Protein chains: 2
Amino acid sequence: MKIGDAANRSGVSAKMIRYYEQIGLIPNASRTTSGYREYELQDIHMLRFVARARDLGFSIAEITELLDLWRDKDRRSADVKALAQARVRDLRRKIAHLQDMADTLEGLASDCAGNERPNCPILHRLETADKEHGTEFRGSAEKGFRKRNVS
Amino acid sequence: MKIGDAANRSGVSAKMIRYYEQIGLIPNASRTTSGYREYELQDIHMLRFVARARDLGFSIAEITELLDLWRDKDRRSADVKALAQARVRDLRRKIAHLQDMADTLEGLASDCAGNERPNCPILHRLETADKEHGTEFRGSAEKGFRKRNVS
DNA sequence: TATGGGGCTTCCCATGATTGGAAGGTCAAG
DNA sequence: CTTGACCTTCCAATCATGGGAAGCCCCATA
């Protein structure tokens with residue numbers, strides 16, 4: 001199977017398959033005599049695994065760990081679970097952060113008349129850096145969030 | 001005031017001040033005879049405005065709009081409010097997406113014994129791309145999220 | 001058999017916001 | 001007059017992804 005088929009069947013674009021190979025996330029594919037990459041069904045499983053983990057917001061580094069565990073027949077399920085739970089904690093932290101932002105902004109917006117007149121407290125508050133809600137954004141962990149234009 | 005002081009007082013790093021100037025987000029600073037950038041109190045207000053908007057997750061493009069409204073004394077407060085509300089909708093959508101991811105992962109993790117044995121349904125489910133929860137990630141808007149390592 | 005089209009290859013570039021660093025100029029205090 | 005802290009510009013890297021160019025390969029059809 002060539003890379004285009006592998007892409008269609010796995011949900012990972014051909015571009016990204018090459019990229020994942022290049023950065024060592026997945027092993028080098030075997031090649032035909034003419035240089036085309038060749039994939040087996042097993043590779044499709046692996047790629048789907050990657051695609052699914054990626055959709056769940058795992059970073060490349062985390063997917064590397066997951067793939068290692070996936071391939072390791074002697075793995076401890078506790079290791080996998082710990083990884084998933086760490087990711088859940090990350091996500092919950094991000095969610096809380098975004099919720100703070102949304103609540104703050106909503107509070108600002110609700111104080112604005114939203115009419116033809118120029119007076120708008122949103123701009124004043126942004127300028128003076130008052131906090132509508134006491135929560136402190138600076139310092140909250142935001143590392144490693146992957147943005148995807150997941151069609 | 002030189003750029004280092006401006007950075008300290010505004011919460012925007014000197015690096016970023018130069019970058020914002022370069023991309024046209026903020027106007028070119030005046031210079032001393034020796035080429036140093038010079039800032040007035042008014043500039044600090046502007047930089048603080050930018051910093052605050054950035055902390056609320058506005059993109060550079062959105063901050064450009066906000067700055068224009070901030071400087072426009074004849075602005076309609078409705079325009080500002082609309083911008084803030086659009087941002088809130090964005091945030092709520094992102095939050096829902098992350099919540100889906102977290103819930104799905106938590107579901108996967110709860111099915112895993114988390115012990116010394118290798119059997120772990122998380123890996124199986126990732127491989128077969130089953131969905132624990134029916135919600136469909138693909139298609140949810142994720143554009144324009146800014147990740148910041150907001151110290 | 002020739003040709004056309006589509007898929008494959010590598011390589012380079014761009015994104016967005018930010019940080020890091022190198023090489024060199026400027027300024028104030030000691 | 002030296003030292004060190006600041007400033008300048010320029011270049012590179014980050015992360016995951018897409019876009020595109022130039023050139024090769026393979027298959028079907030005229």
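We name chains A, B, ... by the order of the sequence lines, and we start the count at 1 in each one. Note that this is a predicted model, so its numbers are computed, not measured.
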- Atom pair distance, as rounded to whole Å: CZ in B:Phe58 and P in C:dG16: 18 Å
- Message: Whether B:Asp55 and B:Arg48 form a salt bridge (side-chain N of Lys/Arg under 4.0 Å from carboxylate O of Asp/Glu) is what I want to check.
- Response: no
- With a 4.0 Å cut-off, would you call B:Asp43 and B:Arg9 a salt bridge? no
- Query: Rounded to the nearest Å, what distance is computed from the CD1 atom of residue B:Ile17 to the C1' atom of nucleotide D:dC6?
  - Reply: 14 Å
- Rounded to the nearest Å, what distance is computed from the CE atom of residue B:Met16 to the C1' atom of nucleotide C:dT19? 9 Å
- Query: Between B:Ile60 (CD1) and C:dT15 (P), how many Å, whole number?
  - Reply: 14 Å
- Taking C-beta and beyond as the side chain, do A:Ile3 and A:Tyr36 meet within less than 4.5 Å on heavy atoms? no
- Message: Test of understanding: with salt bridge (charged side-chain N to carboxylate O under 4.0 Å, His left out), list the residues that count as partners of B:Asp79, not counting sequence neighbours.
- Response: B:Arg76
- Message: How many whole angstroms separate atom OH of B:Tyr19 from atom P of C:dG16?
- Response: 7 Å
- Using only side-chain N and O atoms of A:Tyr20, determine if any of them is under 4.0 Å from OP1 or OP2 of D:dT17. yes
- Residue whose nearest DNA chain C nucleotide is more 5′ - B:Thr33 or B:Ile23: B:Ile23
- Item | Flag, side chain of A:Ser77 to backbone of B:Cys112, donor-acceptor distance under 3.5 Å | no
- Query: According to a strict under-4.0 Å criterion, is B:Ser13 in side-chain N/O contact with OP1 or OP2 of C:dT19?
  - Reply: yes
- List in chain and number order the residues that pass side chain to side chain contact (heavy atoms under 4.5 Å, CB included) with B:Asp5, two or more places apart in sequence or in another chain; answer none if no residue qualifies. B:Met1
Under 3.5 Å, side-chain donor or acceptor atoms of residues 15-27 of chain B against the rest of the protein: list the pairs with distances, not counting sequence neighbours.
{"residue": "B:Glu21", "atom": "OE1", "partner": "B:Ala29", "partner atom": "N", "Å": "3.4"}
{"residue": "B:Glu21", "atom": "OE1", "partner": "B:Arg37", "partner atom": "NE", "Å": "3.0"}

- Item | Sequence-distant partners of A:Arg71, salt bridge (charged side-chain N to carboxylate O under 4.0 Å, His left out), two or more places apart | A:Asp68
- Message: Looking at B:Glu65 and B:Arg87, is there a salt bridge between them, counting it only when a charged N and a carboxylate O are closer than 4.0 Å?
- Response: no
- Item | Whole angstrom value for the distance that separates P of D:dC15 from CD of A:Glu62 | 13 Å
- Item | Summary of protein contacts for nucleotides 5-11 of chain C, nucleotide by nucleotide, where a base hit scores B, a sugar-phosphate-only hit scores S (4.0 Å, heavy atoms) | --BSBBB
- Message: Measure CD/B:Gln22 against P/C:dT19 and give the value in whole Å, please.
- Response: 15 Å
- Message: Quick check on the helix from C:dT1-D:dA30 to C:dG30-D:dC1: what's the angle between its two end axes, five base pairs per end, to the nearest 10°?
- Response: 30°
